[in-house]
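Working notes for the structure below.
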Amino acid sequence: MTVPGSNLRDFLESSPWRTSLTPEQMERVRADTTMRTFDAGATVCLRGSPALHWMGVVDGMLKVDTIAADGRSTTFAGVPAGAWFGEGAALKGEPRPYAVVAIRDSTVAFMPRQTFLWLIDESRGFSRWVIDQLNARLGHYVALIESFRLQDVTARVAYCVSELFNPQLYPSTDRQLVISQEEIGRLSGLARQNANRALHKLEEAGLLRIRYGVIEVLDLEGLQRFAQGHG
DNA sequence: ACATTAACGATGA
DNA sequence: TCATCGTTAATGT
């Protein structure tokens, strides 16, 4: 185990937007950014809380979700290690519309909103990276709607799993996803039992391997093809 | 049809 | 011991 705090610098250094910044800009980012750990199940951001930070997942996995009045919940996004997220609320300066919850023990980096906005003002490269990020999210949700309307359940699960490896949004996701089938279901809009069946079909197709609390992706391109539709 | 909830036992950490 | 998994049965749209 690493000492808390010791790897924040490395995490920032390996973040995908890092190459857009000057050494001086990077220095401010290092000075302003903090890190916190969360137990599995802990809330990282309450729904409705002010968006004071832009966040990066140093380790673990988060989800963005909402809970309806009747108690049922749905997940809008899984956020694996290596991802930066929350730019929507940080840009608007509005309360967070959704809750952020750790689905396993996680470490999260917090960049103050003012620093994030300052980078957008000061760095064309960073601004461009943020535009690409927002565009990738838009593309993801359009594809998700397409999948819901045109594809069967198994293809949808294939899409939702493969999107955790989206090169812009989630550039460094580990092939071994430490995630329960319950969470795969929530991510795919399915009951756990159906997520289980879909995952077994994908395993039979040789695209992934099911282990206890772990989905090991064996063939990412195959998963993406499967998500586009199959015989 | 096909998805959902409920329920059960089995199994892994 | 608790979380997770695999499965089946009843139920709902």
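Chain letters run A, B, ... following the sequence lines, proteins first, then strands; residues in each count from 1. None of the values given here were measured: they were computed from a predicted structure. Computed from heavy atoms alone, side chains included, the values below leave out hydrogens, waters and symmetry copies.
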Q) Within the pair A:Asn196 and C:dG6, is there a side-chain N or O less than 4.0 Å away from OP1 or OP2? A) yes
Q. Okay, side chain of A:Ser106, backbone of A:Phe38: is any donor-acceptor separation there less than 3.5 Å?
A. no
**Q.** Donor-acceptor pair, side chain of A:Ser15 and main chain of A:Arg18, under 3.5 angstrom
**A.** no
Q: May I ask you to decide whether A:Asp132 forms a salt bridge with A:Arg128, counting only side-chain N to carboxylate O separations under 4.0 Å?
A: yes
Q.
Using whole Å, what does the distance between atom C1' of nucleotide C:dG6 and atom CD1 of A:Ile184 come to?
A. 16 Å
Q | Rounded interatomic separation in angstrom, taking CD from A:Glu183 and P from C:dC5 | A | 10 Å
(Q) If you only use heavy atoms from C-beta on, which nucleotide in B:dT4, C:dC5, B:dT5 is closest to the side chain of A:Arg192? (A) C:dC5
Q.
Measure CZ/A:Arg104 against P/C:dT4 and give the value in whole Å, please.
A. 12 Å
Q) OP1 or OP2 of B:dC2 less than 4.0 angstrom from a side-chain nitrogen or oxygen of A:Asn194, does that happen here? A) no
Q.
Nearest whole Å is fine: how far is C:dC5 P from A:Lys201 NZ?
A. 19 Å
Q: Using only heavy-atom distances, decide whether a donor-acceptor pair under 3.5 angstrom links the side-chain of A:Gln193 to the base of B:dA6.
A: yes
**Q.** Selection from B:dT5, C:dG6, B:dA13 that lies nearest to any side-chain heavy atom of A:Tyr212
**A.** B:dA13
Q) Which distance, rounded to the nearest 0.5 Å, do you find between the CD of A:Glu182 and the CD of A:Gln193? A) 8.5 Å
(Q) What's A:Gly185 touching, base or sugar-phosphate or nothing? Going by heavy atoms closer than 4.0 Å. (A) nothing
Q: To the nearest Å, give me how far apart CG (A:Leu190) and C1' (C:dC5) are.
A: 16 Å
Q: Figure out the CD1/C1' separation between A:Ile215 and C:dG6, and round it to whole Å.
A: 13 Å
**Q.** A:Met35 and A:Asn7, any side-chain heavy atoms less than 4.5 Å apart
**A.** yes
Q) What's the CG-P distance between A:Asp39 and C:dA3, to the nearest Å? A) 14 Å
Q) A:Ile210 side chain: which of C:dG6, C:dT4, B:dA7 is closest? A) C:dG6
Q. To the nearest Å, how far apart are A:Arg209 CZ and B:dG12 P?
A. 13 Å
Q.
If you assign each of A:Arg211 and A:Arg197 to its closest nucleotide in DNA chain C, which residue comes earlier from the 5' end?
A. A:Arg211
Q.
Please tell me if A:Gln181 has a side-chain N or O lying less than 4.0 Å from either OP1 or OP2 of C:dG6.
A. yes
